[in-house]
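Some notes on the structure that comes next.
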Protein chains: 4
Amino acid sequence: MELKHEVKSSVKDGELIEKRREQIIQGAVRLFKQKGFHRSTTREIAKEAGFSIGTLYEYIRTKEDVLYLVCDTIYDEVQHRLSGIADEEATIEGLKRAIDVYYRLVDDLADEFVVMYQESKSLPKKALEYVLEKERAMTGLFNALLTACAEAGELRITDKSIGLAAHHIVIQGQMWAFRRWELQHMYDLDGYIEFQTDQLLNGLVKPVQG
Amino acid sequence: MELKHEVKSSVKDGELIEKRREQIIQGAVRLFKQKGFHRSTTREIAKEAGFSIGTLYEYIRTKEDVLYLVCDTIYDEVQHRLSGIADEEATIEGLKRAIDVYYRLVDDLADEFVVMYQESKSLPKKALEYVLEKERAMTGLFNALLTACAEAGELRITDKSIGLAAHHIVIQGQMWAFRRWELQHMYDLDGYIEFQTDQLLNGLVKPVQG
Amino acid sequence: MELKHEVKSSVKDGELIEKRREQIIQGAVRLFKQKGFHRSTTREIAKEAGFSIGTLYEYIRTKEDVLYLVCDTIYDEVQHRLSGIADEEATIEGLKRAIDVYYRLVDDLADEFVVMYQESKSLPKKALEYVLEKERAMTGLFNALLTACAEAGELRITDKSIGLAAHHIVIQGQMWAFRRWELQHMYDLDGYIEFQTDQLLNGLVKPVQG
Amino acid sequence: MELKHEVKSSVKDGELIEKRREQIIQGAVRLFKQKGFHRSTTREIAKEAGFSIGTLYEYIRTKEDVLYLVCDTIYDEVQHRLSGIADEEATIEGLKRAIDVYYRLVDDLADEFVVMYQESKSLPKKALEYVLEKERAMTGLFNALLTACAEAGELRITDKSIGLAAHHIVIQGQMWAFRRWELQHMYDLDGYIEFQTDQLLNGLVKPVQG
DNA sequence: TATGAATGAGATTTCATTCAT
DNA sequence: TATGAATGAAATCTCATTCAT
């Protein structure tokens, strides 16, 4: 199902491609954070990556490829770090741990998240689809865990509400990235996680003995 | 604190300016929805507005002015439609009505909201500040109402949590704009408002006789 | 049948388009004569035409459009100047006059012919087809006249040979353009026409009486 | 007058140079046929030749060298295959044989001829001169043979016409290369040779007893 | 006021050539 | 000798902005 939208390179050495793309991505993220995708030029990207414009184009075909590489990498990291969630036990505690992992991930990659959400609509159609699919998968992880908790009788939640609750978690996390500067006046990350989690579970947890 | 970032026009007739800018904004929103700010050209904006590129530049100074006009207009509309909130009574019912008004506003201006949040970082610094200030004012409305309710003893909520809850409301509304296509599979607007409101109040409402 | 491969312009004033394209074509021919199509840059073309690169692109879409405009114009001139041939009388004298007109045309437009034949394969497929069609039409004019002469009993020539003879005439004329510098050591235009015409007719004219 | 425009190579082994250049030329002709000289990249030339871009540049100095090699090789082959002409006997039959040899040569190397005539103006000045000199030598072969025939009383032809007739033969042959696809509808090679030869001699041969 | 032709800085992309391995 | 990654000058094309009419 990995319909990975391939980015063509004219360089043959796979390891080198890996290394150079790493440089490109790092440079691009630094740049996009400051100026966004459209205001960053390919020359700047090349320079930030540490090589010439010609070399940049040995590893990508178009400027949009850079954006795709950035988005793809972020989701790969996300996927990697969230991979544990799928195996969490279907309990309130498991759910809390999953949310905690996710929020800390957002905090670490806050800049990257902002870049991705603000620029991804500039991706070519096929690449956008692929990225959206990854985003859906992320929501899906929480959806599965919530479903498992509900089935295990840990949550009083209707099937209908599960989907929304999953979105809820995901969005609430992203909010930390997008409004960090405002929110950090009021909360630190731990406080924020605690508040949001309580807030969520207050509505969902089965009272101990109804 | 009205730092209204003025947009200069070489036309003198105030009414005409009003009318032309209306055309510009409407055209621009239609365009930005499809292609985003950067991918839309000034020629396209002029055409979509119904006049020539020369005329466009009689009413704005730079392309960024168009984006500013769009953002500014949206907030004017928001401010107008939310003006009642400030006067709501400090009760759960008052809070519910305020939230309802806000969610319906987001639903009506969903496209505009999406455009604004995706593109506003392209505004020049000063204009961006002004827009962010308006955004803060919006959150402030709910903040004030929540505070009033808390003071009136209608809500069990710490001072510290009020700010976050206000953000919560604002974000939850915007989520409807950003994820409409996914969410509409599960909920219609009324259902969504109800669910979100319940969810929020579950955590905040003082149990009847706790 | 005029499948004229349209060249799009973003300028609306038809007369202006006409005028500017005239400038473009003249400048381009001057340039292409010296350096050929590929070695001429769009900036040089603009400069030679007498305006800025931006203006050039108001009147064409791509560099290839310039080549097409050049080729098209040459053939228009050719077609115009050969239009009389179609009405020539079906006699040896008529044929001679037609050949004379054609050779003088080639002499006048020698540079243009060279440009066209050396560069036309760089045209995009559709435009190339259109140009080739015009070339075929030119050969067709002589074909028709030769056929008429044969039918009128003025020439002893098999049907099969007519096609080749028409090609012959066309090529022999082009040779004057392509090898001018060599041939002019030996002949002036009048002498060349006379020699070639004699040569051709020697083989084709019916001996006065058996 | 062998001004052989030397192509420098950094490889010492003469045989290897020979072999590699053969590969380069063959690949280049294939490529130039399809896309022309300017549209073919050095990378493509290297690939088509069967080795890397680095290796290509061990055997040439510039891209234009490739074009020169192609042109030079064609003329070497031409010279080789026409070498017999110089020794032909000064009779009509000898002339006919010479023409026959030449036409068949053109037919064999048709693609190469087309490439050469369409691209040779892209050669650097010195190389172009050298190639033109070879072309002149080819015409010279026929010139000499025609002169010999005239002196032997086999042809009624003025001195002045000999030069033109030689050009005639050369061009008529090239016409087969350039317009093959049109002409093959009407003639096969044998028929074409016969027709052209008759045509030519009709004007030149002394009537048997005139 | 309205128009749209003109401008040219600047963006993306290509590709001949070099050079370290 | 062979390789192919690196380079950067240069090419094409776009588009925000101006200004004469």
Side-chain angles (χ1 to χ4, degrees), chain A residues 9-13 16-17 19-20 38-46 50-66, chain B residues 9-13 16-17 20 38-47 50-66, chain C residues 9-13 16-17 19-20 38-46 50-66, chain D residues 9-13 16-17 20 38-47 50-66:
Chain A
S9 165
S10 38
V11 172
K12 295 173 179 178
D13 179 343
L16 192 55
I17 294 179
K19 181 179 150 198
R20 292 282 180 254
H38 282 102
R39 280 177 154 43
S40 306
T41 70
T42 50
R43 292 197 119 81
E44 288 171 321
I45 295 169
F51 33 69
S52 71
I53 182 68
T55 301
L56 176 65
Y57 275 90
E58 294 282 307
Y59 296 92
I60 57 160
R61 273 253 200 295
T62 69
K63 190 186 174 192
E64 279 162 346
D65 280 348
V66 176
Chain B
S9 163
S10 43
V11 173
K12 304 298 167 207
D13 179 343
L16 192 53
I17 294 180
R20 292 280 180 256
H38 282 104
R39 282 187 162 21
S40 304
T41 70
T42 50
R43 283 174 136 94
E44 287 171 321
I45 294 169
K47 191 173 186 186
F51 36 69
S52 71
I53 180 69
T55 301
L56 177 65
Y57 273 86
E58 295 293 318
Y59 296 93
I60 58 162
R61 277 264 186 285
T62 70
K63 189 185 173 192
E64 281 159 345
D65 280 349
V66 176
Chain C
S9 165
S10 39
V11 172
K12 294 173 179 177
D13 180 343
L16 193 55
I17 294 179
K19 182 179 150 197
R20 292 281 179 258
H38 282 102
R39 282 178 153 42
S40 306
T41 71
T42 50
R43 289 196 124 82
E44 287 172 320
I45 295 170
F51 34 69
S52 71
I53 182 70
T55 301
L56 176 66
Y57 275 90
E58 293 283 307
Y59 295 93
I60 57 161
R61 273 254 200 294
T62 68
K63 190 187 174 192
E64 280 163 346
D65 280 348
V66 176
Chain D
S9 164
S10 43
V11 173
K12 304 298 165 207
D13 179 343
L16 192 53
I17 294 181
R20 291 282 180 255
H38 282 103
R39 283 185 161 25
S40 304
T41 69
T42 50
R43 281 173 136 94
E44 287 172 320
I45 295 169
K47 192 173 187 186
F51 36 68
S52 72
I53 181 69
T55 302
L56 177 66
Y57 272 86
E58 296 291 319
Y59 296 94
I60 58 162
R61 277 268 185 284
T62 71
K63 191 187 174 192
E64 282 159 345
D65 280 349
V66 177

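Within every chain, numbering begins at 1; the chains are lettered A, B, ... in the order of the sequence lines, protein sequences first and strands thereafter.
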D/Arg61 atom CZ: more than 12 heavy-atom contacts under 6.0 Å: yes

Sugar-phosphate only, base, or nothing, as touched by B/Arg39 at under 4.0 Å among non-hydrogen atoms: nothing

Min side-chain heavy-atom separation D/Tyr59-D/Leu16 under 4.5 Å: yes

Touch class at under 4.0 angstrom, heavy-atom based, for D/Ser52 against every strand present: base

Of A/Thr55 and C/Tyr59, the one whose closest DNA chain E nucleotide lies more 5': C/Tyr59

Span of DNA chain E, from the first to the last nucleotide whose atoms fall under 4.0 Å of chain A heavy atoms: E/dA11 to E/dT14

Rounded distance (Å) that lies between atom P of F/dA10 and atom CD of C/Glu44: 12 Å

Sugar-phosphate only, base, or nothing, as touched by A/Thr41 at under 4.0 Å among non-hydrogen atoms: sugar-phosphate

Distance test, side-chain N/O of C/Thr42 to OP1/OP2 of F/dT12, below 4.0 Å: yes

Sugar-phosphate only, base, or nothing, as touched by C/Thr62 at under 4.0 Å among non-hydrogen atoms: sugar-phosphate

Residue mapping more 5' on DNA chain E - nearest nucleotide basis, C/Leu56 or A/Ile53: C/Leu56

B/Arg43: salt bridge (charged side-chain N to carboxylate O under 4.0 Å, His left out) partners, not counting sequence neighbours: C/Glu58

Sugar-phosphate only, base, or nothing, as touched by A/Arg43 at under 4.0 Å among non-hydrogen atoms: base

Nucleotide pairing, DNA chain F (Watson-Crick or G-U, distances under 3.5 Å), in dot-bracket with [ ] and |: .||||||||||||||||||||

